[in-house]
Number of protein chains: 2
Amino acid sequence: MTLYVERGFEQTTVAEIAELAGLTERTFFRYFADKREVLFSGASSLQELMVNAVRDAPATLSPYDAIAQGIAAAGEAIGPGHDRARLRQHVIDANNELKERELIKMATLSGALAQALHERGVDEPTSSLAAEAGIAVFRVAFERWVRGRDDVALGVVIDESIATLSAITHREERYA
Amino acid sequence: MTLYVERGFEQTTVAEIAELAGLTERTFFRYFADKREVLFSGASSLQELMVNAVRDAPATLSPYDAIAQGIAAAGEAIGPGHDRARLRQHVIDANNELKERELIKMATLSGALAQALHERGVDEPTSSLAAEAGIAVFRVAFERWVRGRDDVALGVVIDESIATLSAITHREERYA
DNA sequence: TACGTGATGACAGTTAGTGACATCACGTGC
DNA sequence: GCACGTGATGTCACTAACTGTCATCACGTA
């Protein structure tokens, strides 16, 4: 991570990382499937957290509100680490391969959330659409939070974005 | 493409592609930035099509409806090629690197659509959210269409998905 | 006919990632 | 206290995706 920040992702070789960490390249690849995965080791636990939140949400909640609970849980987990998130995102945004990896993590997450909705009795395509919409909200909210001021809480931005999406898809309200 | 279908993406080397096409590896890499890009050469023209549709949509349309026009345009362009789409998607789904590339193309598209909304006078974060939601709809609809029966038109699936997302994000209607 | 230009080939080099085997530390059962 | 199985690490050889550089070649033009 230090190296990625200092000289960028592409300019850092696995050999350098391994040397700095005091192990061989081969061992590095035993811990991480590839060079990119270093930055995404936390993704699976975040996914677990969100899926649990959806699963444990009150049965009376709509799919969209259940997903909102999951996103809120992610917000609470990430919220405190604004500086870390900003640094990490800066590295990712500077490199296309890393962006790709981030996107596939999001897509996997979306699939897991759809599955969690399934287990709440929600049918296709409602489950997939609600999950995808939730991820869309999370993506936009997270980006705004990372680029925004330090004192605006992630949870607040998320709530705003959830409401905004509802307003957008209400076709009749503000437009002809 | 023939080779990717026959033996899979990973099992196909650039050397083989080059030989089949009657040129050298180096020349292959002059036409395609990398091995994956072969399957996504049409992405930029599709993006252009969608952006134009959004730009040229009646000014009275809401952001969501303007995006819907863009998606409909994509539906018309892709719709006739059901077999080709199915084959291509089969190759992509079998390989994670290709899925990543597909996702970043979608993300780029989302950004372009958000930009097109901007030029219609739509503010952030509404523009990004509407674009992301539109991509979410497109993603789900496209997948359903590819996996579904031959005689169901893509346009129909898209319209259904647009309506379903509206219903989902109407929180009060069908749930407590 | 000489010349500039754009496309291609030839070739060497870097780096990510993998497979196979050796080694080594360490806890367990005897 | 010692043999032994096991999991983590090192070593080495190898493949394949890319990249940089220079040579070559076809072709339209002055």
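Excluded from the calculations below are hydrogen atoms, water molecules and symmetry mates; all remaining heavy atoms, backbone and side chain alike, are included. The shown structure was predicted, so the numbers you read here are calculated from the model rather than taken from an experiment. Every chain is numbered from 1 and lettered A, B, ... according to where its sequence line falls, protein lines coming before strand lines.
Of the possible polar contacts, none joining the A:Arg36 side chain to the A:Leu98 backbone as a donor-acceptor pair under 3.5 Å is found. Checking side-chain atoms of A:Arg120 against main-chain N and O of A:Ala57 turns up a donor-acceptor pair under 3.5 Å. Checking side-chain atoms of B:His90 against main-chain N and O of B:Ala85 turns up no donor-acceptor pair under 3.5 Å. Looking only at distances, no side-chain donor or acceptor of B:Glu119 sits under 3.5 Å from a matching main-chain atom of B:Ala116. The main-chain N or O of B:His118 is never found under 3.5 Å from a side-chain atom of B:Ser127 such that the two would form a donor-acceptor pair. A donor-acceptor pair is defined here as one N or O able to donate and one able to accept, closer than 3.5 Å; no such pair exists between the side chain of B:Ser110 and the backbone of B:Met106.
No cation-pi contact links A:Arg147 to A:Phe142, judged by a cut-off of 6.0 Å to the six-membered ring centre and 45° from its axis. For the pair A:Arg88 and A:Phe40, the cation-pi criterion (under 6.0 Å, within 45° of the ring axis) is fulfilled.
A salt bridge is absent between A:Glu48 and A:Arg55: the closest approach of a Lys/Arg side-chain nitrogen to an acidic carboxylate oxygen does not fall below 4.0 angstrom. Residues B:Arg7 and B:Glu16 are paired through a salt bridge, judged by an N-O separation under 4.0 Å between the basic side chain and the carboxylate.
In the region residues 27-34 of chain B, proximity to DNA chain C at under 4.0 angstrom, judged on heavy atoms, holds for B:Thr27, B:Arg30, B:Tyr31. Listed by residue number, A:Thr12, A:Thr13, A:Val14 are the residues of residues 2-23 of chain A with a heavy-atom contact under 4.0 Å to DNA chain C.
Atom pair A:Glu25:CD and C:dA20:P shows a separation of 19 Å (rounding to whole Å applied). In this structure, NZ of A:Lys35 is placed 14 Å from C1' of D:dA17, rounded to the nearest angstrom.
Looking at which nucleotide of DNA chain C each of B:Thr24 and A:Arg26 is closest to, the 5′-most match is held by B:Thr24.
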Check nucleotides 23-25 of chain C against the protein and report each pair of N or O atoms closer than 3.5 Å, with its distance, or say if there are none.
none

